[in-house]
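Predicted model, so just to flag it, every value in this text is computed and none were measured.
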Amino acid sequence: MASQDEVEELGMETDGRKSQQSSTDAEDGSSQASDSGLVPQEADGSVSNGGDSEAPKEYVEFKVIWNKNKYDVKLPLDTTGASLKQKIHSLTGLPPAMQKVMFKGLLPEDKTLREIKVTNGAKVMVVGSTINDVLAVTTPKETIQQEVKEEENKKEPLCRQKQHRKVLDKGKPDDVMQSLKGVQERLPTTPISGMYNKSGGKVRLTFKLEQDQLWIGTKERTEKIPMASIKNVVSEPIEEHDDYHMMAFQLGPTEASYYWVYWVPSQYVDAIKDTVLGKWQYF
């Protein structure tokens with residue numbers, strides 16, 4: 001039978017072997033974790049969520065109206081006018097260059113739907129003709145334009161001709177809109193006013209883009225003219241006042257159909273021609 005001292009010595013040896021085995025297991029576990037690339041989590045248990053996710057896009061739903069057809073459209077608010085024209089092209093077959101897109105005026109291609117404040121349920125109007133429609137009318141208009149240019153080259157400047165001098169000699173109207181020489185601007189949302197017509201009476205021009213009409217208003221009446229019926233637009237700077245133009249809208253087949261307007265601010269001349277004739281006219 002073992003003595004008490006032998007029993008205690010045996011217990012101490014056993015405890016030593018257990019401690020050594022535990023230390024060896026811990027070292028092996030640490031080595032395995034290191035070899036496998038595993039890193040223990042911090043004591044607080046925090047977990048990384050990775051990079052911030054992209055904010056969801058904001059969309060707007062509205063209607064596009066063209067040629068009596070209505071199309072439901074849903075696009076991000078950061079879509080530009082140019083991209084909207086591409087969308088309209090896919091819906092209607094109408095090339096972007098032949099589109100006049102209106103929402104509170106002519107749609108700028110470089111602005112976003114957010115910037116021009118398109119909201120849910122809004123209506124965006126589109127005016128324009130397909131390639132086939134344009135080709136059907138290009139030749140007659142091109143012929144008229146060429147004839148007009150040839151005729152103008154033969155004549156003295158318009159502002160020196162007697163029929164125009166009698167109006168121009170009245171001088172610049174007191175209430176004519178301010179001109180900006182060397183600047184091109186979009187059409188204003190209000191009528192262009194304070195000008196004279198051929199008889200010397202006051203006249204104003206209102207561009208109803210949603211209806212594709214030009215309204216020519218005088219004290220007596222307002223004529224509502226479809227823009228598609230206007231054959232040509234001619235203009236010439238007024239001598240000694242080249243920041244203003246005299247301009248004519250050809251409403252019929254001959255010069256007798258010209259409707260003359262005097263003292264048109266020069267910054268609107270190109271916008272008027274583009275709006276009435278369309279940028280897609282191949283002249």
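- Looking only at distances, no side-chain donor or acceptor of Glu58 sits under 3.5 Å from a matching main-chain atom of Arg114.
- In this structure, Gln250 contributes its side chain and Gly252 its backbone to a donor-acceptor pair below 3.5 Å.
- Scanning all heavy atoms of the two residues, the minimum distance from Ile192 to Met195 falls at O-CE, 3.0 Å.
- Cluster membership check: Trp66 shares its hydrophobic cluster with Ile88, using side-chain heavy-atom separations under 4.5 Å among Ile, Leu, Val, Met, Phe, Trp and Tyr.
- Remark: Ser193 OG to Met177 CE distance equals 6.0 Å, nearest 0.5 Å.
- Ring-plane geometry between Trp260 and Tyr258 is classed as perpendicular, the angle between the planes exceeding 60 degrees on a 0 to 90 degree scale with a lower cut at 30.
- Checked by atom type and distance alone, the side chain of Ser90 pairs as donor or acceptor with a backbone atom of Lys87 at under 3.5 Å.
- Considering only heavy atoms from C-beta on, Asp212 comes within 4.5 Å of Lys100 through its side chain.
- Between the Gln267 side chain and the Leu180 main chain, a donor and an acceptor come within less than 3.5 Å of each other.
- To the nearest 0.5 Å, atom NZ of residue Lys85 and atom OG1 of residue Thr79 are 15.0 Å apart.
- Shown here for Pro96 and Gln86, the closest heavy-atom pair between the two residues is CG-NE2, 3.7 Å.
- Remark: Lys117 does not engage Glu115 in a salt bridge, criterion side-chain N to carboxylate O under 4.0 Å.
- When all heavy atoms are compared, the tightest approach of Asp243 to Ser179 is OD2-OG, 2.7 Å.
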Stepwise side chain to side chain contact (heavy atoms under 4.5 Å, CB included) test for Lys198 and Gln163: CA-CA 8 Å; Lys198 193 173 182 178; Gln163 59 173 328; 3.4 Å; yes
Steps toward side chain to side chain contact (heavy atoms under 4.5 Å, CB included) verdict (Val269, Met247): CA-CA 8 Å; Val269 170; Met247 176 176 286; 3.8 Å; yes
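- Side-chain atoms of Asp242 and Tyr244, non-hydrogen and from C-beta on, never get closer than 4.5 Å to each other.
- Evaluation of the ring-ring contact (aromatic ring centres under 6.0 Å, His included) test over residues 70-119, restricted to residues two or more places apart or in two chains, returns none.
- Salt bridge Lys57/Asp78: absent, no basic N to carboxylate O contact under 4.0 Å.
- Here the side chain of Glu236 pairs a donor or acceptor atom with the backbone of Leu158 at under 3.5 angstrom.
- Note that the NZ atom of Lys63 and the CG atom of Asn69 stand 12.0 Å from one another [nearest 0.5 Å].
- Thr275 places a side-chain N or O within donor-acceptor distance of the main-chain N or O of Ala271, the cut-off being under 3.5 Å.
- Annotation: side chain of Tyr196 is not in contact with side chain of Val261 (no heavy-atom distance under 4.5 Å).
- The shortest distance between side-chain heavy atoms of Leu251 and Ile230 falls below 4.5 Å.
- Residue His245 is tested with Pro265, Cys159, Ser235 for a side-chain contact (heavy atoms from CB on, under 4.5 Å); the sole match is Ser235.
- Annotation: the span from Glu223 atom CD to Phe249 atom CZ amounts to 12.0 Å, rounded to 0.5 Å.
- Taken from CE in Met227 to CD1 in Ile225, the straight-line distance is 10.0 Å, to the nearest 0.5 Å.
- For Gln213 (side chain) and Pro226 (main-chain N/O), no donor-acceptor pair under 3.5 Å exists by modelled atom type.
- In terms of hydrophobic clustering, with Ile, Leu, Val, Met, Phe, Trp and Tyr side chains grouped at heavy-atom distances under 4.5 Å, Trp215 and Tyr268 are assigned to different clusters.
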With a 3.5 Å cut-off and sequence neighbours excluded, list the donor-acceptor pairs that the side chains of residues 199-210 form with protein atoms.
unit_1 : atom_1 : unit_2 : atom_2 : d
Ser199 : OG     : Asn197 : OD1    : 2.9
Lys202 : NZ     : Asp175 : OD1    : 2.8
Lys202 : NZ     : Asp175 : OD2    : 3.1

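- Side chain of Lys231 to backbone of Ser229: a donor-acceptor contact under 3.5 angstrom is found.
- In this structure, the side chain to side chain contact (heavy atoms under 4.5 Å, CB included) partners of Lys74, at least two apart in sequence or on a different chain, are Tyr59, Glu61.
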Steps toward side chain to side chain contact (heavy atoms under 4.5 Å, CB included) verdict (Val73, Leu91): CA-CA 9 Å; Val73 176; Leu91 294 172; 3.7 Å; yes
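- When side chains are defined from C-beta on, Thr189 does not count as touching Lys104, because their heavy atoms never get closer than 4.5 Å.
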Derivation of the side chain to side chain contact (heavy atoms under 4.5 Å, CB included) call for Val264 and Met246: CA-CA 6 Å; Val264 179; Met246 49 189 294; over 6 Å; no
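- Surrounding CZ of Arg165 are more than 12 heavy atoms belonging to other residues, nucleotides or ligands, all under 6.0 Å away.
- In this structure, the side chain of Thr92 engages the main chain of Leu94 through a donor-acceptor pair within 3.5 Å.
- The shortest side-chain heavy-atom distance between Leu84 and Phe62 falls under the 4.5 Å cut-off.
- Residues Ile65 and Val126 form no side-chain contact, since every pair of their non-hydrogen atoms from C-beta on lies 4.5 Å or further apart.
- Between Thr80 and Lys111, every side-chain heavy-atom pair lies at or beyond the 4.5 Å cut-off.
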